[in-house]
Amino acid sequence: MSKRAAILGAGYYAPEKVLTNKDIEKFLDTNDEWITSMTGMKERHLSEKGQPTSDLAVKAAENALKNSGVKKEEIDMVLVATVTGDYVWPSTANVVVNKLGINGVPSVDLSAACSGFLYGLTSARAFIESGIYKKILLIGAEEFTKVCDWTDRKTCVLFGDGAGAVVIGEAQNEEQGILSTYLGSDGSKVSYLMQPGGGTANPLSQEVLDKKMQFVYMEGKEVFKQAVIKMTASMEIAMEKAGVTAEQVDYFIFHQANKRIIDSIAQRFLVPEEKLIINIHKYANTSAATIPIALAEAMEEGKIKKGHLLGFSALGAGFTWGGAIVRI
Ligand code: UT7
């Protein structure tokens, strides 16, 4: 058998501080009823000042290593999917290898917003299956609450902080493995969802700060529409490439951006609620971290077990999108 990459284990971490919809009601013109019915979100985790994204990434990585039975010394590459890294540069992955005590190992960030984990999964798969590396630590880690305008009810209520990680290596048997991956992007819609200030298009200046361009900007309705279309298509293509049907998939983990988006995709494939892994009520949208957090949590709860067939799909700013079929 030629080499096949597989997820060997997963871990996650969310900061201790929890902000409920009721808490937000106290300082913003919004309410629990609107947030719950429009998004499915009830609470989100908030990182502290002085607790950067790399701290969450390292904790998730340590849990993933423990759960996969892989020693950190065996890791030969670290990938971090994030758009809310510690610094503009260098990469958060670079900070992570130092904090993990594995300096020398190659490390790099992937910037594909909410579909970053699937870009990372595909990259890790290619490195493993080509034989370049044997064990890769892939982390999705974000702190969107630090780049949100907490006076803008259209965006701030939607996001939370957290990290999820997986160890990817060679499959240990004939069944296990990443059976298919699919990625796409369309750069004509970058302005629909972005953090416009602070890069080279709009370098930090008083004007940029006054216009609040350092915060998340989103045209929600258009993003919602694209999310349903592209996540559905990505899932369909990934299933086709793997030669499996929706009935054969044990659990679907769709990017947790809005419960209504998840329900629309599930409806398209006639997937019953019990086959959906949903934790959006607890974490809100943690961007690149939603899929690995949901995976690790469901594995910890004993819901997802060895042998289960999983479907992933996501859409992120850009737009970027992707899907995957994985047997654990
Ligand atoms: O991870 C990347 C992908 N991200 C997403 O997929 C997010 C996709 N977008 C969405 O989930 C939805 O667009 C939202 C949940 C963000 C918004 O739902 P919507 O149906 O697009 O609502 P809207 O933005 O058009 O707002 C409808 C109304 C407006 O009031 P008026 O103008 O009709 O009087 C808003 O001002 O709801 C109001 N509104 C709120 N009310 C209470 C917007 N945000 C809030 C809020 N609380 N937090």
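Just so we're clear, the structure is a prediction, and the values are computed from it rather than from any experiment. Whatever order the structure lists them in is the order used to number ligands and atoms, beginning at 1.
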- Task: Can you spot which of F144, F215, W150 makes a ring pair (Phe, Tyr, Trp, His ring centres under 6.0 Å) with F159?
- Result: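 Passing option: F144.
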
- Passing option when I262 is tested against V228, L276, I253 for side chain to side chain contact (heavy atoms under 4.5 Å, CB included): L276

- Message: Here's a test for you: under side chain to side chain contact (heavy atoms under 4.5 Å, CB included), which of M38, R153, M218, R44 qualifies with L158?
- Response: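 By the side chain to side chain contact (heavy atoms under 4.5 Å, CB included) criterion, L158 pairs with just one of M38, R153, M218, R44: M218.
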
- Task: Establish, from distance only, whether the side-chain atoms of K146 and S47 form a donor-acceptor pair under 3.5 Å.
- Result: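 Yes, S47 and K146 have a side-chain donor paired with an acceptor closer than 3.5 Å.
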
Nearest-neighbour protein heavy atom for [atom], which is reported as residue plus atom name and distance:
{"atom": "atom 18 (O) of ligand 1", "answer": "M38 CE, 3.6 Å"}
{"atom": "atom 22 (O) of ligand 1", "answer": "K221 NZ, 3.7 Å"}
{"atom": "atom 5 (C) of ligand 1", "answer": "V223 CG1, 3.6 Å"}
{"atom": "atom 47 (N) of ligand 1", "answer": "T30 OG1, 2.6 Å"}
{"atom": "atom 24 (O) of ligand 1", "answer": "K154 CE, 4.4 Å"}

- Which option, R153, E33, K259, E25, owns the non-hydrogen atom nearest atom 35 (C) of ligand 1?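 Of the listed residues, R153 has the closest heavy atom.
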
- Query: According to the interplanar angle, ranging from 0 to 90°, do the rings of Y192 and F319 count as parallel (below 30°), tilted (30 to 60°) or perpendicular (above 60°)?
  - Reply: parallel

- For the pair Y251 and H308, name the ring-plane relationship: parallel under 30°, tilted 30 to 60°, perpendicular over 60°. perpendicular

- Item | Test: E222 and K189 ion pair at under 4.0 Å |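 No, E222 and K189 are not salt-bridged.
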
Given that the side chain starts at C-beta and the backbone is N, CA, C, O, which of these parts of [X] lies under 4.0 Å from ligand 1, counting heavy atoms, or is it both or neither?
{"X": "L28", "answer": "neither"}
{"X": "N258", "answer": "side chain"}
{"X": "W34", "answer": "side chain"}

Subset of ligand 1 atoms that lie under 4.0 Å from at least one heavy atom of [X]:
{"X": "L158", "answer": "16 (C)"}
{"X": "L193", "answer": "2 (C)"}
{"X": "C114", "answer": "1 (O), 2 (C)"}
{"X": "A257", "answer": "1 (O), 3 (C), 4 (N), 5 (C), 6 (O)"}
{"X": "T39", "answer": "15 (C)"}
{"X": "R260", "answer": "18 (O), 20 (O)"}
{"X": "I261", "answer": "6 (O)"}

- Would you sort out whether L309 and L179 count as a side chain to side chain contact (heavy atoms under 4.5 Å, CB included), showing the intermediate values? CA-CA 10 Å; L309 190 64; L179 306 190; 3.8 Å; yes

- Is the closest heavy-atom distance from H255 to ligand 1 below 4.0 Å?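 H255 counts as a contact of ligand 1 under the 4.0 Å cut-off.
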
- Item | Flag: protein heavy atom within less than 4.0 Å of atom 41 (N) of ligand 1 |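 At least one protein heavy atom is under 4.0 Å away.
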
- Task: Would you verify that at least one protein heavy atom lies under 4.0 Å from atom 29 (C) of ligand 1, or report that none does?
- Result: no

- Task: Could you tell me whether some N/O pair between N285 and ligand 1 is separated by less than 3.5 angstrom?
- Result: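 By distance alone, the answer is yes.
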
- Query: Considering distance alone, does some N or O of G220 sit under 3.5 Å from an N or O of ligand 1?
  - Reply: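 Right, the criterion is met.
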
- Can you see which heavy atom on G164 is nearest to which on A289, and at what distance?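 Heavy atoms only, the tightest pair is N-CB, 4.1 Å.
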
- Mind listing the closest non-hydrogen atom pair of G323 and S234 along with its distance?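 Of all heavy-atom pairs spanning G323 and S234, the closest is N-CB, 3.8 Å.
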
- Exam field: side chain N202 to backbone V208, donor-acceptor pair closer than 3.5 Å: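 Flag not set: sc N202 to bb V208 has no pair under 3.5 Å.
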
- Item | T92, T53, T82, T286 screened by side-chain hydrogen bond (donor to acceptor under 3.5 Å, both in side chains) with E142, the one that passes | T82

